Amino acid sequence: TPEFSYGIAPNWEAGLYLPASRDANGDTELAGAKVRLKWLPVKPAEGEAGWFFGANGELSRLKERFSQSRTSAELRIMSGWRNADWLVAVNPVFGWSLSDGLRSSTADLSFGTKIARTVAPGIALGVEYYADAGTTSHPTFRDQAQTLYAAVDAELGKWSINFGVGRGLTHSADKLTVKTIVGVPF
């Protein structure tokens, strides 16, 4: 999924995701598009320790083959603390189906958490935990997907890489997941 982002002000960033799928036959298909707006008003100065807090709003339109609700919205709260050695983050995520017949005022709820330790200049090792939690009206972790990742973050010049191998902790999660995020400035 390529993501293009653009800083529009010191605390604001706009983004565009273009999720795609490649099947076993090698055919690639664009799944749709997602636009986002990130606001990060609380953050430490570059190189300083401190708390950060913000929000990321997203609106998506995907093909029905990829999402039962073709149109959806998401609000991700970004929060945590970092210094030169540690990063601790907790991100609750609220999601709403906006498609006819699936629309609800009750949000789906999930969480992303991360703890990482810098082990060398530009390299951090850590764990990431992602958990679905049902809906805000009936939160439950039981029978929901939960995955724990061993992850590495690396800064290679101006490029950044996040690589992780995840193990599903519940029967609802994939048993093994490999993920990679590559940041390329332009």
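Note that the structure is a prediction, hence the values are computed from the model and not measured.
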*Asks:* If you compare all heavy atoms of Phe53 against all heavy atoms of Ile77, which two are closest, and at what distance to 0.1 Å?
*Replies:* CE1-CG2, 3.6 Å
*Asks:* Would Ile181 end up clustered with Tyr130 when hydrophobic side chains under 4.5 Å apart are linked, directly or stepwise?
*Replies:* no
*Asks:* Looking only at non-hydrogen atoms, find the nearest pair between Leu102 and Ser97 and report the distance.
*Replies:* O-CB, 3.4 Å
*Asks:* Between the side chain of Asn25 and the main-chain N/O of Asp27, is any donor-acceptor distance below 3.5 Å?
*Replies:* no
*Asks:* Quick one: does Asp174's side chain have a donor or acceptor within less than 3.5 Å of a partner on Thr177's backbone?
*Replies:* no
*Asks:* Does Leu75 share a hydrophobic cluster with Leu59, counting links as ILVMFWY side-chain heavy atoms below 4.5 Å and allowing steps through other members?
*Replies:* yes
*Asks:* Could you tell me if the side chain of Leu40 sits less than 4.5 Å from the side chain of Trp12, heavy atoms only?
*Replies:* no
*Asks:* Return the minimal non-hydrogen interatomic distance between Asn91 and Ser79, and the atom names on each side.
*Replies:* OD1-N, 3.3 Å
*Asks:* I'd like to know if the side chain of Thr118 reaches the main chain of Ala84, judged simply by a donor and an acceptor atom lying under 3.5 Å from each other, with no hydrogens or angles considered.
*Replies:* yes
*Asks:* Applying side chain to side chain donor-acceptor pair (under 3.5 Å), name anything that partners Thr140, two or more places apart in sequence or on another chain.
*Replies:* none
*Asks:* Is Glu58 salt-bridged to Arg36, cutoff N-O under 4.0 Å?
*Replies:* no
*Asks:* If we only count heavy atoms from C-beta on, is the Ser104 to Trp96 side-chain gap below 4.5 Å?
*Replies:* no
*Asks:* Could Arg70 and Glu64 be called an ion pair, given the rule that one side-chain N must be under 4.0 Å from one carboxylate O?
*Replies:* no
*Asks:* For Lys179, is there an ion pair with Glu128 - N to carboxylate O distance below 4.0 angstrom?
*Replies:* yes
*Asks:* Within the 4.5 Å heavy-atom criterion, are Tyr129 and Leu169 side-chain neighbours or not?
*Replies:* yes
*Asks:* For the pair Arg117 and Asp153, find out whether any cationic side-chain nitrogen is under 4.0 Å from an anionic carboxylate oxygen.
*Replies:* no
*Asks:* Do other residues, nucleotides or ligands put more than 12 heavy atoms under 6.0 Å from Gln68 CD?
*Replies:* no
*Asks:* Tell me every residue that passes side chain to side chain donor-acceptor pair (under 3.5 Å) with Ser99, counting only those two or more places apart in sequence or in another chain.
*Replies:* Ser69
*Asks:* For Tyr6 and Glu13, what are the C-alpha separation, side-chain angles and deciding distance, and is it a side chain to side chain donor-acceptor pair (under 3.5 Å)?
*Replies:* CA-CA 6 Å; Tyr6 182 75; Glu13 180 181 282; over 6 Å; no
*Asks:* Grab the two heavy atoms, one from Phe52 and one from Ala89, that are nearest each other, plus how far apart they are.
*Replies:* CZ-CB, 4.0 Å
*Asks:* Answer yes or no on whether Arg167 is positioned over the face of Tyr149, meaning its NZ or CZ is under 6.0 Å from the six-membered ring centre and within 45° of the axis.
*Replies:* no
*Asks:* Please determine whether residues Phe163 and Leu125 belong to a single hydrophobic cluster, defined as Ile, Leu, Val, Met, Phe, Trp and Tyr linked transitively by side-chain heavy-atom distances below 4.5 Å.
*Replies:* yes
*Asks:* Using the rule given for side-chain contact (heavy atoms from CB on, under 4.5 Å), can you reason through Phe66 versus Glu29, listing the C-alpha separation, both sets of side-chain angles and the distance that settles it, and then say yes or no?
*Replies:* CA-CA 10 Å; Phe66 297 99; Glu29 179 179 2; 3.9 Å; yes
*Asks:* Quick one: CD on Gln144 to CG on Asp108, what's the gap to the nearest 0.5 Å?
*Replies:* 9.0 Å
*Asks:* Without swapping roles, check the side chain of Ser137 against the backbone of Thr106 for a donor-acceptor pair under 3.5 Å.
*Replies:* no
*Asks:* Would you sort out whether Leu109 and Phe94 count as a side-chain contact (heavy atoms from CB on, under 4.5 Å), showing the intermediate values?
*Replies:* CA-CA 5 Å; Leu109 178 62; Phe94 305 89; 3.6 Å; yes
*Asks:* For the residue pair Pro19 and Leu62, what are the closest heavy atoms and their distance?
*Replies:* CG-CD2, 3.7 Å
*Asks:* If two hydrophobic side chains count as joined below 4.5 Å and joins carry through other members, does Ile161 share a cluster with Phe186?
*Replies:* no
*Asks:* Under the criterion side-chain contact (heavy atoms from CB on, under 4.5 Å), I'd like the reasoning laid out for Phe111 against Phe141: C-alpha separation, chi angles, the key distance, then a yes or no.
*Replies:* CA-CA 10 Å; Phe111 292 92; Phe141 286 93; 3.9 Å; yes
*Asks:* Using the rule that two of Ile, Leu, Val, Met, Phe, Trp, Tyr join whenever any of their side-chain heavy atoms come within less than 4.5 Å, decide whether Trp81 and Val90 are in one cluster.
*Replies:* no
*Asks:* Starting at CZ of Arg82, measure out to NZ of Lys114 and round the result to the nearest 0.5 Å.
*Replies:* 10.0 Å
*Asks:* Using the side-chain contact (heavy atoms from CB on, under 4.5 Å) rule, take Met78 and Asn56 through it: C-alpha gap first, then chi angles, then the decisive distance, then the call.
*Replies:* CA-CA 7 Å; Met78 301 172 298; Asn56 187 76; 4.3 Å; yes
*Asks:* Verify side chain to side chain donor-acceptor pair (under 3.5 Å) between Ser60 and Ser72, making sure each step is shown before the conclusion.
*Replies:* CA-CA 5 Å; Ser60 65; Ser72 61; 2.6 Å; yes
*Asks:* Is it true that Lys34 and Glu74 make a salt bridge, defined as a side-chain N closer than 4.0 Å to a carboxylate O?
*Replies:* no
*Asks:* Measure across Thr1 and Ala20 and return the closest heavy-atom pair with its distance rounded to 0.1 Å.
*Replies:* OG1-N, 4.2 Å
*Asks:* CG/Leu30 to CG/Leu18 distance, rounded to the nearest 0.5 angstrom?
*Replies:* 6.0 Å
*Asks:* So, Arg61 versus Thr71: side-chain donor-acceptor pair below 3.5 Å or not?
*Replies:* yes
